[in-house]
Amino acid sequence: MTQTAATPSTTTPSPTLSGLRSLYLIRVAFSLVWVALVATTSASLVSPDKPTAIAAVLLVVYPLWDVVATVLERRMAATAGSTDRVGTINMALGLAAGAGMVIAVFSTIGTALLVFGVWALLSGAIQLVVAIRRRRTVGAQWPMVISGGLSVLAGASFAAMSASDTSSLSSITGYSAFGAFWFLVSAITLSIRARREAR
């Protein structure tokens with residue numbers, strides 16, 4: 001649910017707007033497919049359960065996909081300064097979360113929820129930083145600000161509920177679905193901004 005590309009030059013915003021819009025739509029599609037797969041195969045798994053092979057793969061893939069999406073965003077424009085460092089930090093965080101999830105899925109769903117929660121909290125905070133910095137150069141960042149804030153809250157919630165016997169993977173599907181919604185809203189907002197710039 002994070003976005004961490006570098007801030008583009010203010011002189012050529014339109015290509016960046018188009019690129020971000022396309023990437024956001026790809027992220028929407030990925031999240032919806034991921035939610036459908038979890039809902040149909042693993043949503044009933046609760047905290048004390050050991051993840052199935054399918055659930056394990058899905059849990060490991062999610063933070064790693066965020067790393068791939070960050071790399072794609074960074075290729076849209078030259079990266080420099082503090083924003084580039086933020087992107088690097090986010091990729092390192094995603095890789096660490098993927099590695100942590102590899103270990104967690106050999107334990108219980110609760111352990112996986114804890115790892116996922118910590119990652120969601122930190123990546124949401126990074127998303128907030130990037131969205132705030134992008135407001136002046138790209139604009140139309142309010143959906144990403146909201147999404148980042150919700151990710152922080154959701155991450156804290158996942159970490160807190162990880163020890164509960166009743167918590168399940170269905171909570172993560174809700175997180176991913178809401179993430180898809182806000183990326184869709186952001187893509188629409190960027191489209192509106194791009195049309196205004198073209199006038």
Side-chain angles (χ1 to χ4, degrees), residues 1-4 23-70 72 89-128 130-131 143-187:
M1 201 153 127
T2 59
Q3 50 133 23
T4 56
L23 182 58
Y24 288 172
L25 291 175
I26 292 172
R27 296 191 70 144
V28 170
F30 172 87
S31 294
L32 292 179
V33 170
W34 191 89
V35 166
L37 289 173
V38 173
T40 56
T41 65
S42 311
S44 62
L45 294 174
V46 294
S47 188
D49 294 336
K50 184 179 178 66
T52 62
I54 294 176
V57 170
L58 291 171
L59 287 167
V60 172
V61 163
Y62 198 93
L64 295 181
W65 158 246
D66 195 66
V67 175
V68 173
T70 300
L72 293 176
I89 291 171
N90 190 64
M91 288 190 292
L93 176 62
L95 290 172
M101 197 62 77
V102 168
I103 297 173
V105 294
F106 286 102
S107 182
T108 63
I109 292 296
T111 304
L113 281 173
L114 177 61
V115 173
F116 193 96
V118 172
W119 170 74
L121 189 157
L122 295 177
S123 64
I126 291 174
Q127 181 176 339
L128 272 174
V130 173
M144 291 294 93
V145 170
I146 295 174
S147 179
L150 291 176
S151 183
V152 170
L153 295 176
S157 176
F158 294 148
M161 72 170 61
S162 62
S164 171
D165 288 343
T166 58
S167 60
S168 70
L169 283 186
S170 60
S171 58
I172 296 182
T173 62
Y175 166 85
S176 185
F178 271 109
F181 170 77
W182 286 112
F183 274 114
L184 179 59
V185 172
S186 188

Please list every donor-acceptor pair under 3.5 Å in which a side-chain atom of residues 31-43 meets a protein atom from a residue at least two apart or in another chain.
unit_1 : atom_1 : unit_2 : atom_2 : d
Ser31  : OG     : Arg27  : O      : 3.1
Trp34  : NE1    : Leu58  : O      : 2.9
Thr40  : OG1    : Ala36  : O      : 2.8
Thr40  : OG1    : Leu37  : O      : 3.2
Thr41  : OG1    : Leu37  : O      : 2.6

Here the pair of heavy atoms bringing Leu169 nearest to Ala55 is CD1-CB, 4.1 Å
Mind running side chain to side chain contact (heavy atoms under 4.5 Å, CB included) on Ser171 and Leu113 for me, showing each step along the way? CA-CA 9 Å; Ser171 58; Leu113 281 173; 4.0 Å; yes
Specify the closest pair of heavy atoms between Leu59 and Ala112, including all atoms of both residues, with the distance to one decimal. CD1-CB, 3.8 Å
Val61: side-chain contact (heavy atoms from CB on, under 4.5 Å) partners, not counting sequence neighbours: Phe30, Val57
Taking side-chain contact (heavy atoms from CB on, under 4.5 Å) as the test, write out the residues that go with Ser168, two or more places apart. Val46, Ser170
Qualifying residues under side chain to side chain donor-acceptor pair (under 3.5 Å), relative to Ser44, sequence neighbours excluded: none
Just by distance, no angles: are the side chains of Tyr175 and Ser151 close enough, under 3.5 Å, to form a donor-acceptor pair? yes
With sequence neighbours left out, which residue pairs that include part of residues 46-60 fulfil the side-chain hydrogen bond (donor to acceptor under 3.5 Å, both in side chains) condition? none
How long is the span from the CG atom in Asn90 to the CG atom in Leu122, to the nearest 0.5 Å? 9.5 Å
Flag, side chain of Gln127 to backbone of Met144, donor-acceptor distance under 3.5 Å: yes
Minimum heavy-atom distance between Gly124 and Val152, given as atom pair plus value: C-CG2, 3.7 Å
Would the distance check show the side chain of Ser164 and the main-chain N or O of Met161 forming a donor-acceptor pair, the cut-off being under 3.5 Å? no
Can Trp119 and Asp66 be said to form a side chain to side chain contact (heavy atoms under 4.5 Å, CB included), step by step? CA-CA 11 Å; Trp119 170 74; Asp66 195 66; 3.8 Å; yes
Under the criterion ring-ring contact (aromatic ring centres under 6.0 Å, His included), I'd like the reasoning laid out for Tyr62 against Trp65: C-alpha separation, chi angles, the key distance, then a yes or no. CA-CA 5 Å; Tyr62 198 93; Trp65 158 246; 9.1 Å; no
Least distance between heavy atoms, Gly148 atom then Leu128 atom: C-CG, 3.9 Å
Which donor-acceptor pairs under 3.5 Å do the side chains of residues 92-107 make with protein atoms, sequence neighbours left out?
unit_1 : atom_1 : unit_2 : atom_2 : d
Ser107 : OG     : Thr111 : OG1    : 3.2

Test item: Ile172 and Phe116 side chains (from C-beta on) under 4.5 Å apart, heavy atoms: yes
Please identify each residue that fulfils side-chain contact (heavy atoms from CB on, under 4.5 Å) with Ile146, with sequence neighbours left out. Trp142, Leu150, Trp182
